[in-house]
Amino acid sequence: MSDISIIKEDNQRRELILFCNLLSTACKTDQSLAKALAKNTNEQKNSRCAVWASSVARNLQDGYSLEECASQLSGFDPVLAQIMPLLGERKLIKILDLYSRFLLKLDMCNKQIRLLTSYPMLIIVFAIAFIVYLNFSMFPEMVQIFGHRGFAENWTMYLFYFADFYYWPMSLIIPAILLYLGYEAARIAFSGSVKEKYFWSRITGLSEADLLNRKARVIALMSLYLKAGYSLNDAISTTAQLASEEEKKDILNAEAVLRTGASYAEAIGRSEILGEVLNGNENSEELPDKLDCAFNGLNDEAIFKIKNCENRILYISIFLAAIVVLVVALGAYGSYSLFARAFLL
């Protein structure tokens, strides 16, 4: 899996949070898990959460183990599938509540990033739509009129009339730039995934916030696996399987050192992510709680950076809107002048 964000789409993430809450509620009742799930599923009809819950309830009633039930779920979250069979119902409640909290906080960062990049995306869409209108409506009429009367073309035609080969390559430059910027903004707005190489990531600072968010996800999963009873080595290696390549390489450095028999402090020092939030003096009992605090700190810092990016993105959006308005105004004025000259002569 290329991204530690287990389920990227908002709807799927919400379904997973609902399933965690549903399973946690079922564990808290006096009924068997299968009966409680079957009962609560009726309130969540026509959703993936309901499909998962009803499938688990049905398979438990048929005598399958919880591990077998989790492995048979289509499109299910791999983290929960690994943890569910290892826990008794009492401990499972705590893990489910913790995982839901992690998902909600990470989802908040993701939504804020998507919302911020939607502003420039909409402005760019408007600009591209206007250029398309010029190419297939206004410019062809201008060519017919001015081509017969011998007038010079409007300067906007050299900038935007890509539908006519005569104006290439100059007319391709601005539309191509707008398409590229719109593509980047749309990818971020629809997926919430920020790549450091993106123009919007560099100019707005969103890449820094996304880096903090990715580190927070790593820390959250490690804490989750440790609380589920995994050893530190197993927690690191399992987290690495679900991490992006950059984070995977970083935390596997720590695991490789641990496997050589080196000290815990030395292993932590080999990982940039873990070294930022741990000092190497924690004992095994306090390590999960320390990771929880680190997750909250990284998540809060990511949200703070996203809010700082908001003004910068707003200024960039206003600047793009001003350019579009200026081009529209100048183009309309130039077209009006040429039409007036054409009909006065």
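Along the sequence shown, residues are numbered consecutively beginning with 1.
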## Note on the structure
By side chain to side chain contact (heavy atoms under 4.5 Å, CB included), Ala186 pairs with (sequence neighbours left out) Met121, Phe190
### Message
Closer than 3.5 angstrom, by distance alone: can the side chain of Asn213 be matched with the main-chain N or O of Ala209 as a donor-acceptor pair?
### Response
no
### Task
Using a strict cut-off of less than 4.0 Å between a Lys/Arg side-chain nitrogen and an Asp/Glu carboxylate oxygen, indicate whether Lys111 and Asp107 qualify as a salt bridge.
yes
### Task
Answer with yes or no whether the hydrophobic clustering places Leu115 together with Ile303; edges join I, L, V, M, F, W, Y residues whose side-chain heavy atoms lie under 4.5 Å apart.
no
#### Entry: Polar side-chain atom of Thr238 near backbone of Ala235 as donor-acceptor pair, under 3.5 Å
no
### Task
Can you measure from OG (Ser100) to NZ (Lys105) and round to the nearest 0.5 angstrom?
13.0 Å
### Asn59 side-chain N/O to Ser55 backbone N/O, donor-acceptor pair under 3.5 Å
yes
### Task
Check step by step if side chain to side chain contact (heavy atoms under 4.5 Å, CB included) holds for Asp289 and Asp292.
CA-CA 5 Å; Asp289 292 333; Asp292 281 353; 4.2 Å; yes
### Query
Does one hydrophobic cluster hold both Ile219 and Leu252, with members joined at side-chain heavy-atom distances below 4.5 Å?
no
### Message
I'd like to know if the side chain of Ser223 reaches the main chain of Ala220, judged simply by a donor and an acceptor atom lying under 3.5 Å from each other, with no hydrogens or angles considered.
### Response
no
### Task
State yes or no: do Tyr183 and Leu172 share one hydrophobic cluster built from I, L, V, M, F, W and Y residues joined by side-chain heavy-atom distances below 4.5 Å, directly or via other members?
no
### Query
Considering only heavy atoms from C-beta outward, does the side chain of Ile177 approach that of Ile174 to under 4.5 Å?
no
### Message
Checking Phe165 now: which residues fulfil side chain to side chain contact (heavy atoms under 4.5 Å, CB included) with it, not counting sequence neighbours?
### Response
Trp168
### Separation between CZ of Arg101 and CG of Leu224, rounded to the nearest 0.5 Å
10.0 Å
### Query
Tyr315 and Leu116: same hydrophobic cluster, using ILVMFWY side-chain contacts below 4.5 Å?
no
### Task
For residues Ile124 and Leu178, report the shortest heavy-atom separation together with the two atoms involved.
CG2-O, 3.3 Å
#### Entry: Distance-minimising heavy-atom pair for Asn135 and Phe162
OD1-N, 2.9 Å
### Message
How long is the straight-line distance from CE of Met222 back to NZ of Lys290, given to the nearest 0.5 Å?
### Response
12.5 Å
### Query
Say you draw a straight line from CD1 of Ile306 to CE of Met108; how long is it, rounded to the nearest 0.5 Å?
10.0 Å
### Query
Can you check salt bridge (charged side-chain N to carboxylate O under 4.0 Å, His left out) on Asp62 and Arg58, steps first, answer last?
CA-CA 6 Å; Asp62 291 342; Arg58 184 172 56 254; 5.5 Å; no
### Message
So, taking the atom named CD1 in Ile236 and the one named OH in Tyr225, what distance separates them when rounded to the nearest 0.5 Å?
### Response
13.0 Å
### Query
How close do Arg114 and Thr117 get, heavy atom to heavy atom, and via which atoms?
O-OG1, 3.2 Å
### Task
State, yes or no, whether a side-chain contact exists between Pro175 and Tyr161 at a heavy-atom distance under 4.5 Å.
no
### Message
I'd like to check the side chain to side chain contact (heavy atoms under 4.5 Å, CB included) partners of Asn308; sequence neighbours left out, ordered by chain and number.
### Response
Phe304
### Message
Quick one, Leu287 and Lys227 - any side-chain contact, counting heavy atoms below 4.5 Å?
### Response
no
### Query
Rounded to the nearest 0.5 Å, how far does CZ of Phe130 lie from CZ of Phe160?
7.5 Å
### Task
Determine whether Leu226 and Leu221 fall in the same hydrophobic cluster, where Ile, Leu, Val, Met, Phe, Trp and Tyr are linked whenever their side-chain heavy atoms lie under 4.5 Å apart.
yes
